[in-house]
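Input: a single structure, listed below in structure tokens.
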Number of protein chains: 2
Amino acid sequence: MASKLSALKANLSPANTSPREPELARHLDTIIKGDCVAAMDKLPDASVDVIFADPPYNLQLGGDLHRPDQSKVDACDDHWDQFDSFAAYDAFTRAWMLAARRVLKPTGTIWVIGSYHNIFRVGATMQDLGYWILNDVVWRKTNPMPNFRGRRFQNAHETMIWASKNEKAKSYTFNYEAMKAANDDTQMRSDWLFPICQGGERLKDDNGQKVHPTQKPEALLARIMMASSKPGDVVLDPFFGTGTTGAVAKKLGRRFVGIEREQAYIDAANARMERIEPLHSVDLRQLMPKRAEPRVAFLSLLEAGLLQPGTVLTDAKSRHSATVRADGTLVAGEHEGSIHRVGARVQGFEACNGWTFWHYDNGDGHEPIDSLRAIIRRQIARSGG
Amino acid sequence: MASKLSALKANLSPANTSPREPELARHLDTIIKGDCVAAMDKLPDASVDVIFADPPYNLQLGGDLHRPDQSKVDACDDHWDQFDSFAAYDAFTRAWMLAARRVLKPTGTIWVIGSYHNIFRVGATMQDLGYWILNDVVWRKTNPMPNFRGRRFQNAHETMIWASKNEKAKSYTFNYEAMKAANDDTQMRSDWLFPICQGGERLKDDNGQKVHPTQKPEALLARIMMASSKPGDVVLDPFFGTGTTGAVAKKLGRRFVGIEREQAYIDAANARMERIEPLHSVDLRQLMPKRAEPRVAFLSLLEAGLLQPGTVLTDAKSRHSATVRADGTLVAGEHEGSIHRVGARVQGFEACNGWTFWHYDNGDGHEPIDSLRAIIRRQIARSGG
DNA sequence: TCAGACTGTGAATCTCGTC
DNA sequence: TGACGAGATTCACAGTCTG
């Protein structure tokens with residue numbers, strides 16, 4: 001954590017004379033007004049941790065959706081007319097997705113939300129550009145609008161695509177343990193249930209009209225950020241609208257960069273974010289993933305006197321046993337090596353977590369040697385890492 | 001209804017000498033062996049009422065995957081699921097979708113099921129070809145396979161696209177009232193909950209191995225047919241597999257045309273359908289899965305604003321306390337984790353029900369957080385579990 | 001006979017740092 | 001960049017075995 005914070009400070013310090021970082025710092029926690037592709041082109045390569053994008057579905061909404069040559073296809077065949085507008089939407093999608101991919105860190109991920117009108121085109125374009133889909137996540141609405149004509153199913157969900165920068169980018173941020181702990185100790189699923197944005201959270205103008213047609217609920221953004229970012233991370237939203245992403249980022253101790261074309265939305269978003277109170281940093285501390293905990297050598301247990309050479313370890317059901325040697329290896333019959341290797345070999349497996357497999361006799365029964373590792377780790381924590 | 005039935009009879013009568021109908025009649029309630037495009041080319045224009053298609057998903061799997069207990073996951077690595085590139089998959093999709101569109105009646109609709117690996121490409125291709133998407137429907141699995149490495153959300157759903165032949169085709173079959181009646185007199189939503197196919201329904205060979213890697217549950221097909229077809233309608237399945245579509249069609253008084261390349265699947269499907277007894281009447285409500293009390297994420301309480309990060313929870317007698325963090329975990333001294341885990345640790349127990357153990361201050365005294373869970377559950381009940 | 005323990009399994013794009 | 005090895009990782013059911 002300390003190193004992360006200092007790295008962040010270095011990143012944002014005006015004393016840092018690298019040409020890239022100040023460029024990002026200048027835009028942190030602000031809204032860039034303008035076209036999202038042009039705005040993203042101002043940001044450095046690999047500079048943001050998470051992108052959340054809620055692109056327009058409606059072809060009429062975007063001035064950038066017009067085909068460059070304005071050519072007219074045979075209007076008597078609606079099929080080709082349709083294809084033409086799909087092609088324009090695809091070009092638009094491709095353009096902003098390319099710009100977004102450049103500014104995304106290798107450890108970063110992107111979220112894109114859409115409905116059946118656009119999400120299939122968006123997803124296909126993402127795959128074409130090399131994004132690697134991690135999940136599609138369904139936002140199930142507790143209170144969707146009914147289908148008035150009774151000619152379809154009630155459209156009760158929207159789809160989000162969560163993707164990393166490419167297939168090789170494996171070390172993206174995902175707070176798996178926290179999600180699981182927060183979900184009754186079972187894995188968080190790909191279908192999430194939230195109410196639509198309404199009530200006090202929904203921004204209204206002086207006439208009581210909603211300011212933005214598709215304002216997303218803060219709860220949705222909160223789960224996204226809690227799942228895929230760390231405190232201090234930078235979240236980019238190229239279709240900022242009325243700033244749900246910024247509001248949640250501020251509340252949850254993340255930084256944001258917003259991009260928006262409409263001044264009315266920008267004004268509403270700035271006023272909204274002004275009212276947000278950030279949470280206390282202590283409440284933002286996240287569950288430490290097992291993978292991030294300090295490594296402990298099995299030999300340390302011997303050196304600390306927690307185990308002695310010659311001790312016999314067994315598995316939980318005492319079906320296998322192995323003897324501890326002074327060099328921190330185990331031996332079991334013809335098998336010898338690390339706790340993991342011997343654990344795997346005695347079972348005939350390829351792999352095994354020796355820390356949880358092997359047990360020792362604590363005088364009152366068998367206990368996994370992982371509990372001895374925990375003792376070492378507490379010593380490390382007390383001595384400040 | 002009477003006119004529909006008489007029209008159907010006329011259609012199927014050998015006395016009807018139109019060149020088209022006998023061509024279809026010859027294939028009714030049979031499986032055509034071979035490539036699906038070649039087989040569909042044998043069928044007349046505008047001759048089928050519903051198409052259900054479960055095309056290859058083009059999974060791109062790496063090496064083997066093992067469960068935490070080191071057992072190997074039986075992957076879907078069949079040759080028919082392998083494609084060289086997205087372009088190859090798109091060409092394949094385009095070819096069968098074009099053939100399917102020709103044989104579909106103007107009043108007909110098509111259902112295509114897929115996962116995030118392929119569904120975006122499939123949906124974009126459908127739009128390009130002029131299909132008009134009516135809904136995307138999410139099949140939420142009650143019992144999906146977990147994510148074994150803890151690097152993604154549990155992939156707990158698949159997506160179906162429901163589309164008519166083109167934008168102008170407004171008089172497609174949709175049994176809105178029947179769906180509504182079956183769903184406690186509220187509109188049927190676009191997210192459906194069903195278990196995966198297992199138990200007695202799952203076809204096994206003599207060795208107890210599953211016959212087909214991706215057999216779909218009959219309940220899913222039953223809802224599709226009850227929603228979008230009438231008795232006597234013809235349902236085409238170009239990727240018939242082990243014949244779930246045929247089995248459900250027979251059970252529900254629909255006709256089917258199956259297309260399948262693999263003889264082993266054809267044999268299994270024919271034997272299966274032989275065993276099916278048509279139903280005399282169908283009570284759709286019996287097809288609505290009953291769900292136990294849904295699991296609620298503690299995180300949902302924060303997202304709903306019922307609790308705030310930083311809130312201090314106590315046990316009933318205020319002997320223990322813990323602070324709520326933004327990620328939905330608790331922290332109490334050196335203990336951190338889920339409400340259950342921290343509840344157990346502060347008491348020195350192995351296990352604890354955090355929902356009843358932890359209390360919050362409701363302004364008028366202490367109340368278990370379980371009462372907040374009840375609020376969330378009421379929302380969940382409204383959206384079908 | 002029954003309750004509980006134990007085993008098996010499903011469309012899966014499933015690690016990461018170091019040398 | 002690839003090989004190596006430490007070490008992290010599962011939910012809901014169905015079916016079988018055991019006491």
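In what follows, chains are A, B, ... by sequence order, proteins preceding strands, each numbered from 1.
With Lys210(B) as the fixed residue, the salt bridge (charged side-chain N to carboxylate O under 4.0 Å, His left out) test singles out one of Asp74(B), Asp78(B), Asp205(B): Asp74(B). For the side chain to side chain donor-acceptor pair (under 3.5 Å) with Thr244(B), the lone residue among Glu218(B), Arg272(B), Lys216(B), Glu201(B) that qualifies is Arg272(B). Test Phe239(B), Phe52(B), Trp162(B) against Trp111(B) for ring-ring contact (aromatic ring centres under 6.0 Å, His included) and you get one pass: Trp162(B).
Residues Asp185(A) and Ser338(B) bring a donor and an acceptor atom of their side chains to less than 3.5 Å of each other. Between the side chains of Asp136(B) and His157(A), at least one donor N or O lies within less than 3.5 Å of an accepting N or O. Side-chain contact check for Ser115(B) and His117(B): at least one donor-acceptor pair (N or O, by modelled atom type) lies under 3.5 Å. Judged purely by distance below 3.5 Å, without hydrogens or angles, the side chains of Gln198(B) and Asn143(B) pair a donor atom with an acceptor atom. With no hydrogens or angles considered, no side-chain donor-acceptor pair links Gln187(A) and Asn183(A) at under 3.5 Å.
Summarising the geometry, the separation between CG on Asp136(A) and C1' on dA11(C) is reported as 13 Å, rounded to the nearest angstrom. As a whole-Å value, the separation of Lys180(A) NZ from dT9(D) P is 8 Å. When the P atom of dG5(D) is taken as reference, atom CD of Glu336(A) falls 13 Å away, rounded to whole Å. At whole-Å resolution of the value, CD in Gln154(B) and C1' in dA11(C) are 14 Å apart. Rounded to an integer number of Å, the gap from Asn147(B) CG to dA12(C) P is 11 Å. Between the NZ atom of Lys141(B) and the C1' atom of dA12(C) there is a distance of 10 Å, given to the nearest Å. Between the CG atom of Asn353(A) and the C1' atom of dT15(C) there is a distance of 13 Å, given to the nearest Å. Here dC14(C) presents its P atom at 13 Å from CZ of Phe148(B), a figure rounded to the nearest Å.
A distance of about 12 Å separates the C1' atoms of dT10(D) and dG10(C), rounded to the whole Å. The gap from the C1' atom of dT1(C) to that of dT18(D) amounts to 13 Å, rounded to the nearest Å. Straight-line distance between the P atoms of dC14(C) and dA12(D): roughly 22 Å, to the nearest whole Å.
The side chain of Arg149(B) has dC14(C) as its nearest neighbour among dA11(C), dC14(C), dA12(C).
No more than 12 heavy atoms of other residues, nucleotides or ligands sit less than 6.0 Å from atom CZ of Arg94(A).
With salt bridges taken as basic N to acidic carboxylate O contacts below 4.0 Å, none links Arg67(B) and Asp69(B). Ion pairing between Glu336(B) and Arg285(A) fails under the 4.0 Å rule for side-chain N and carboxylate O. Ion pairing of Asp327(B) with Lys230(A) is absent here, as no side-chain N (NZ or NE/NH1/NH2) approaches a carboxylate O to less than 4.0 Å. The pair Arg373(B)-Glu293(B) does not count as a salt bridge, with every side-chain nitrogen at least 4.0 angstrom from each carboxylate oxygen. A salt bridge links Glu158(B) with Lys141(B): the closest approach of a Lys/Arg side-chain nitrogen to an acidic carboxylate oxygen falls below 4.0 angstrom.
Residues of residues 204-223 of chain B having a heavy atom closer than 4.0 Å to DNA chain D: none are found. Less than 4.0 Å separates DNA chain D from at least one heavy atom of each of the following residues of residues 63-80 of chain B: Pro68(B), Asp69(B), Gln70(B). DNA chain D is contacted by Tyr176(A), Glu177(A) of residues 166-178 of chain A, taking any non-hydrogen atom closer than 4.0 Å.
Across all strands, Leu134(A) comes closer than 4.0 Å to no nucleic acid atom at all (heavy-atom distances). At the heavy-atom level, Asn155(B) lies under 4.0 Å from the strands shown only through sugar-phosphate atoms. As judged by a 4.0 angstrom heavy-atom cut-off over every strand, Trp132(A) is placed among the base-contacting residues. Asn183(A) comes within 4.0 angstrom of no nucleic acid atom, judged by non-hydrogen atoms across all strands. Within the 4.0 angstrom heavy-atom criterion, only backbone atoms of the sugar-phosphate kind lie near Arg373(A); the bases stay farther away. Counting non-hydrogen atoms under 4.0 angstrom, Arg202(B) reaches the backbone sugars and phosphates but no base.
Aromatic ring pairs are classed by plane angle as parallel below 30°, tilted from 30° to 60° and perpendicular above 60°; the pair Phe83(B) and Tyr89(B) is perpendicular. Ring geometry for Tyr265(B) against His212(B) counts as tilted: the plane angle lies between 30° and 60°, on a 0 to 90° scale. Taking the six-membered ring where the residue is Trp, Trp355(A) and His340(A) present perpendicular rings, their angle passing 60° and hence far from 30°.
Within the 3.5 Å criterion, the main-chain N or O of Lys170(A) finds a donor-acceptor partner in the side chain of Arg151(B). Side chain of Asn118(B) to backbone of Val122(B): no donor-acceptor contact under 3.5 angstrom is found. Listed for the Trp358(A) side chain is a donor-acceptor partner under 3.5 Å among the backbone atoms of Ile339(A).
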List every contact pair, protein side and nucleotides 12-16 of chain D side both N or O, where the distance is under 3.5 Å.
unit_1	atom_1	unit_2	atom_2	d
dA12(D)	OP1	Arg295(B)	NH2	3.2
dA12(D)	OP2	Arg295(B)	NH2	3.4
dC13(D)	O3'	Gln198(B)	OE1	3.4

Distances under 3.5 Å between protein N/O atoms and the N/O atoms of nucleotides 2-7 of chain C, please, pair by pair.
none

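At dA6(D), none of the side-chain N or O atoms of His340(A) fall inside 4.0 Å of OP1 or OP2 (strictly under the cut-off).
Sequence order on DNA chain D of the closest nucleotides to Ser338(A) and Gln187(A) puts Ser338(A) first from the 5' end.
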Report summary line: A correct dot-bracket answer for DNA chain D, with pairs being Watson-Crick or G-U at under 3.5 Å, [ ] for crossing pairs and | for inter-strand pairs, is .|||||....|||||||||

